[in-house]
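Could you have a look at this structure, given as structure tokens, before my questions?
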Number of protein chains: 2
Amino acid sequence: MTLKELADRLGLSPTTVSRALNGYPEVNAETRARIEIAARDYGYRANTMARKLATGRSMAIGHVIPLSNHQMINPIFAEFMAGASEIYSSEGYETLLAAVPAANEVQTYRELARRRSVDGLIVHAPRLNDPRVDLLRELELPFVVHGRSVDIEDRPVFLDTNNRRSFEQATTYLIELGHTRFALLNGMETISFARRRRRGFEQALQNNGLRSDASRMVDMEMTETNAYDVTMKWLNEPKPPTAILTSSTISALGVARAIRDAGLQIGDDVSLITHDDDLSFMRNVGDPPPFTALQSPIRDAGAKCARMLIDHIAGKKVSSEIWKCEFIEGRSTGPAPKETPA
Amino acid sequence: MTLKELADRLGLSPTTVSRALNGYPEVNAETRARIEIAARDYGYRANTMARKLATGRSMAIGHVIPLSNHQMINPIFAEFMAGASEIYSSEGYETLLAAVPAANEVQTYRELARRRSVDGLIVHAPRLNDPRVDLLRELELPFVVHGRSVDIEDRPVFLDTNNRRSFEQATTYLIELGHTRFALLNGMETISFARRRRRGFEQALQNNGLRSDASRMVDMEMTETNAYDVTMKWLNEPKPPTAILTSSTISALGVARAIRDAGLQIGDDVSLITHDDDLSFMRNVGDPPPFTALQSPIRDAGAKCARMLIDHIAGKKVSSEIWKCEFIEGRSTGPAPKETPA
DNA sequence: CTGAAAGCGCTAACAT
DNA sequence: ATGTTAGCGCTTTCAG
């Protein structure tokens, strides 16, 4: 069923039918009703390609995800996509996913622009001075950043969580429990959120007259193994940390394993707080949650970014937003242990 | 830069240029070379929408993913998508992702078909008598199933792992270690792979003169909490199982926690084998792997399905494939413990 | 308020 | 081997 066929059956011109179906105002209410009913009855759907060609809009939003051979797709990313994609669908947009080898990332953006395959993009996990921002501006593709590009002067539209504040809050919480020896197990500080987390951590220590120890702040790829190794090393040092903050639940698992393997009790001997995007584990991994955590609802974030982008594309003014994490007390924190004279 | 513009600059007709660029044979080699160079120089890319409209092919593959509010997207799914999407890109296809509330799933397929948004689809996690198979046949959309629909007489093209054999193998391995009291913690048996896993489990027991105990075979949603609860219950029964097989790493985590909480040692008191799709955890969660596992490379599976579908769309004969899992010895298995006279 | 006509940029019969 | 001519199905001026 094409527009023309539908128009013929109604004894109208394709123009009028098109206008009615697209909600243009200049159509007689009665005619419009007739058209809408007929369209429904015949199960008419506009052919997307034809519409795209005619309007020049692709009605698709792109997500480019750089692929590494050694690393899994972040499950967080999948949740974000789910939230976003649901909004796209409901707004008539399609979701275009481009998983490409990391080396082809720039090229992929260029292709998408040249072929006009998408009307806009979401930029994930912005790095410091992220080149994608300039690239997309050059290509004149609307985009929204999930995360913050603090270092870029003319800041693009973004949605981020308040990482600095969250880590400051969590650290303060531990300080109030009496802890004085801290460690921070952070994600790679090339990703901008990691830096902000460290700032919050250090700020809290400083506010309470504690010194941050550079050897007890590590940034690294967040795998369970890495976390395990670093924690083990720390726990074997003299005056080991009694409170550890970590940047993801996967690394928290490694920390937890190390604590147990060292013959210590989580919560009693060593307290542990993790940041968690909503999260893969927290939700499925036990109730009450095994970890005290800073949670941020990632699916909601996906949906929000989607809405921001759609508005952005429509030319509306969109302002960036900063969401705060929820602080959840779990089983992994407790008062600082009494000092045992070694 | 449009085809017409390019043709004008070359003093040729759009037709010839189109033919040259699309690799049709009837073009003079010299002319073709000239055209290709010019296209490169001007950075010409065919407008996808125009091409799609003209050919009637959307050059996109769809993945419909039903969304539940309470459940995370399976990280496995993300890996599968990564593998598939990479192939699509390299073959000139785009990846269309439709995350929709589970209730809208059928409607979404119908929409995709009516609007001709995709040339084909991958069907994930087939259920028994999965209605999507009939639906897609009715809609005349080519598709490939990831998993098996054993119960459908005219079986569609699929890629699956040999779940029955794998579980039989794993169970046999444990039997050879001297275990006699088994438990199986399976995924929902409405999904077809779960049934096949149970068959393998039962088969191995039967082959070795052991009886399977219905109360020690559970199928359920694979969450850590569920697994924890069931395992706890088992361990508190008289003659608890000394060997547990589980259908996913997330549930293995729950089993592991329960074993520890019961004051037992994994591998020593209770052996544990998990099936794992390559896998979200195994790869990141420790080296050597904490669990003995049956692994199947999910990203490769995504890539393979993508290739099968593309061939299928092109009208080539495609045959279904069954891949076998890799058996990986980890730290979670050991000889059956000596019977302690209670 | 409705319709005629001209594209959008490409492909594909059908000539030549 | 190349060009001419019609579309693909829709939107969008422009006229009425």
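What you see is a predicted model, and the numbers here were worked out from it, not measured in a lab.
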State, to the nearest 10°, the angle formed by the axis through the first five base pairs of the helix from dC1(C)-dG16(D) to dT16(C)-dA1(D) and the axis through its last five.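 Inter-axis angle at the termini of the helix from dC1(C)-dG16(D) to dT16(C)-dA1(D): 40°.
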Salt bridge between Asp8(B) and Lys4(B), side-chain N to carboxylate O under 4.0 Å?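 Looking at Lys4(B) together with Asp8(B), the answer is yes, because their closest N to O distance falls below 4.0 Å.
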Start with the C-alpha distance between Thr95(B) and Ser85(B), add both sets of side-chain angles, then the distance that settles side-chain hydrogen bond (donor to acceptor under 3.5 Å, both in side chains), and finish with yes or no. CA-CA 6 Å; Thr95(B) 313; Ser85(B) 179; 3.1 Å; yes
Please state whether the phosphate of dT2(C), meaning OP1 or OP2, lies under 4.0 angstrom from any side-chain nitrogen or oxygen of Ser13(A).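 So the side chain of Ser13(A) is outside the cut-off, no N or O lying under 4.0 Å from OP1 or OP2 of dT2(C).
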Protein within reach of the bases, or only the backbone? For nucleotides 9-16 of chain C, mark each nucleotide 5' to 3' as B, S or -, using heavy atoms under 4.0 Å. BBBBB---
Does Arg110(B) pair with Glu105(B) as a salt bridge, N-O distance under 4.0 Å? no
When you measure from the centre of the six-membered ring of Tyr42(A), is the NZ or CZ of Arg9(A) under 6.0 Å away and within 45° of the axis? yes
Close side-chain approach of Val118(B) and Leu96(B), heavy atoms under 4.5 Å: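 Contact flag for Val118(B)/Leu96(B) side chains = yes.
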Terminal contacting nucleotides, 5' and 3', DNA chain D versus chain B (heavy atom, 4.0 Å): dA1(D) to dG9(D)
Salt bridge or not for Asp311(A) and Arg307(A), using N-O below 4.0 Å?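 Arg307(A) and Asp311(A): not salt-bridged.
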Can you sort out the partners of His124(B) under ring pair (Phe, Tyr, Trp, His ring centres under 6.0 Å), two or more places apart, ordered by chain and number?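 So His124(B) forms a ring pair (Phe, Tyr, Trp, His ring centres under 6.0 Å) with His63(B), Phe77(B), Phe80(B).
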Please list every donor-acceptor pair under 3.5 Å in which a side-chain atom of residues 11-19 of chain B meets a protein atom from a residue at least two apart or in another chain.
unit_1, atom_1, unit_2, atom_2, d
Ser13(B), OG, Thr15(B), N, 3.4
Ser13(B), OG, Thr16(B), N, 3.3
Ser13(B), OG, Thr16(B), OG1, 3.3
Ser18(B), OG, Asn22(B), ND2, 3.3

Strictly below 4.0 Å, N to O, side chains only: are Glu111(B) and Arg115(B) in salt-bridge contact?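 Arg115(B) and Glu111(B): salt-bridged.
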Going by the rule side chain to side chain donor-acceptor pair (under 3.5 Å), which residues pair with Asn47(B) if we only count those two or more places apart in sequence or in a different chain? none
